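Quick caveat: nothing in here was measured; it's all calculated off a predicted structure. To find a chain, count down the sequence lines: A is the first, B the second, and so on, and within it residues start at 1.
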Number of protein chains: 2
Amino acid sequence: MSQEPRTKGERTRARILDSATELFSRHGFTAVSLREIATHAGLTHAGVLHHFSGKEALLLEVLSLRDRNDAARLFPRLLDPEAPEPPPGERLRRLIGVIVRNSGTPGLVSLYARLSAEASEPGHPAHDYFVRRYARLRTEVAALLAALFDAAEPPVRADPSRTAQQLLALLDGLQVQWLLEPDAVLMEELVRDFLARCGLPTAGAAPSGPGPDPVSD
Amino acid sequence: MSQEPRTKGERTRARILDSATELFSRHGFTAVSLREIATHAGLTHAGVLHHFSGKEALLLEVLSLRDRNDAARLFPRLLDPEAPEPPPGERLRRLIGVIVRNSGTPGLVSLYARLSAEASEPGHPAHDYFVRRYARLRTEVAALLAALFDAAEPPVRADPSRTAQQLLALLDGLQVQWLLEPDAVLMEELVRDFLARCGLPTAGAAPSGPGPDPVSD
DNA sequence: GTCTATATCGCGATAGAC
DNA sequence: GTCTATCGCGATATAGAC
């Protein structure tokens with residue numbers, strides 16, 4: 001999961017991130033204090049704040065690590081321009097696979113929804129991160145949709161960029177509803193239904209498989 | 001906006017709500033302290049906590065008041081079963097009108113996104129409120145869509161309930177993206193586009209007009 | 001019932017000593 | 001790189017004024 005840390009500082013930092021991930025995932029953001037994370041990692045809360053500028057920044061690190069994993073699974077070239085790019089159909093299957101995979105870690109999904117909403121306030125420390133995240137995702141998903149639209153039979157005439165915005169919004173919005181009432185929201189089915197409405201039938205099941213984590217950082 | 005308060009307590013409560021709405025909208029939730037709200041309303045922070053069980057509860061009141069306004073505009077029967085129900089086409093126009101109207105108060109939109117994400121954690125004080133909110137909205141929007149589907153030419157064969165979930169998710173998700181980058185997200189157009197894909201063209205502009213606030217509470 | 005004043009608690013965050 | 005000390009915060013509780 002983590003790149004081999006060389007210095008003591010890097011090891012401490014990694015230990016803090018591990019503790020934070022575990023405690024945030026299990027008990028949520030508000031319920032966990034910096035002092036608890038610090039104790040769990042074997043130092044004081046001021047020690048934690050030497051490595052991370054604040055509680056919010058610590059959450060951002062935890063989530064962006066996970067985010068890079070998901071993104072790299074879908075868009076290998078984002079991390080390594082030399083990486084082989086799977087065909088569009090396979091990438092669409094992986095996108096649905098990420099949805100299924102996320103349902104295994106509702107704690108982190110909840111944290112992400114929370115932070116993205118908080119970060120929408122201008123001036124928030126994570127504001128730029130999310131602006132960039134959506135811009136990047138929109139570009140990548142638009143390119144993927146464009147390829148799928150062209151390859152479809154019959155070809156689909158729709159704006160890939162706008163459809164990408166809609167798809168990303170649908171995923172985010174459904175996740176909130178799913179977190180509130182897991183049994184009432186069939187994420188995968190509703191997403192497939194939307195894609196079908198766009199002229200992109202997604203018959204098969206989503207594999208996404210175990211596979212190695214494409215990000216190590 | 002507020003029903004004529006009779007007792008001193010009701011007046012104080014309304015004053016606190018007004019102060020909280022103004023300060024939260026302008027500076028966000030985190031940046032405003034209960035002590036500031038109290039001072040702005042002319043009492044101490046303990047006094048505020050006599051009327052509201054906590055800062056989160058105060059936010060919930062501010063937002064649910066606004067929520068009831070929006071909902072009543074779309075579904076008059078929710079508040080008054082005797083109220084006349086506008087035809088489906090008019091109600092769809094009003095729904096789009098609410099989107100346009102919300103873009104005038106990004107502060108409150110941001111607060112709503114934030115709270116709905118936070119409340120997704122089980123055990124959160126507002127968890128039940130949001131579960132009920134989505135259940136109610138899903139039911140109402142599904143009924144509206146069912147009427148529109150039947151009246152469409154040609155009639156649309158789609159599951160109104162699932163389409164309602166998708167539409168609500170789209171609205172929530174787009175709002176987060178819009179808050180992050182207002183110019184990059186054309187809310188109204190993207191929603192109309194989705195509805196058109198569902199077989200529901202929404203040619204005309206959305207009036208929503210000024211009109212009296214349907215909720216007074 | 002409405003509200004103030006006060007004290008106490010752990011929290012996130014900062015400054016400075018070591 | 002980590003600590004102690006300190007700050008204002010949200011929250012709780014109590015006692016009492018009007």
(message) Taking any atom closer than 4.0 angstrom to a non-hydrogen atom of chain B, what span of DNA chain C does the protein reach, first nucleotide to last?
(response) C:dT2 to C:dT6
(message) Please classify the nucleic acid contact of A:Val48 as base, sugar-phosphate, or nothing, using heavy-atom distances under 4.0 Å.
(response) nothing
(request) Classify the nucleic acid contact of B:Leu43 as base, sugar-phosphate or nothing, counting any heavy atom under 4.0 Å across all strands shown. (result) sugar-phosphate
(message) Between P on D:dA11 and NE2 on B:His45, what's the gap in Å once rounded to a whole number?
(response) 9 Å
(request) In plain terms, say whether A:Glu90 and A:Arg94 are close enough for a salt bridge, that is, a side-chain N and a carboxylate O under 4.0 Å apart. (result) yes
(message) If the condition is side-chain hydrogen bond (donor to acceptor under 3.5 Å, both in side chains), which residues does A:Glu82 pass it with, not counting sequence neighbours?
(response) none
(message) What I want to find out is whether A:Glu189 reaches B:Arg162 closely enough, with some N-O distance under 4.0 Å, to be called a salt bridge.
(response) yes
(message) Aromatic contact between B:Tyr112 and B:Phe130, with the criterion being ring centroids under 6.0 Å apart: yes or no?
(response) yes
(message) Just to be sure I understand the rule, does B:Ser53 reach a base, reach only the sugar-phosphate, or reach nothing, if contact means heavy atoms closer than 4.0 Å?
(response) sugar-phosphate
(request) Please determine which of A:Lys55, A:Arg13, A:Arg68 meets the salt bridge (charged side-chain N to carboxylate O under 4.0 Å, His left out) test together with A:Glu61. (result) A:Arg13
(request) Step by step, work out the side chain to side chain contact (heavy atoms under 4.5 Å, CB included) result for A:Leu115 and A:Glu118. (result) CA-CA 5 Å; A:Leu115 187 62; A:Glu118 285 179 2; 4.3 Å; yes
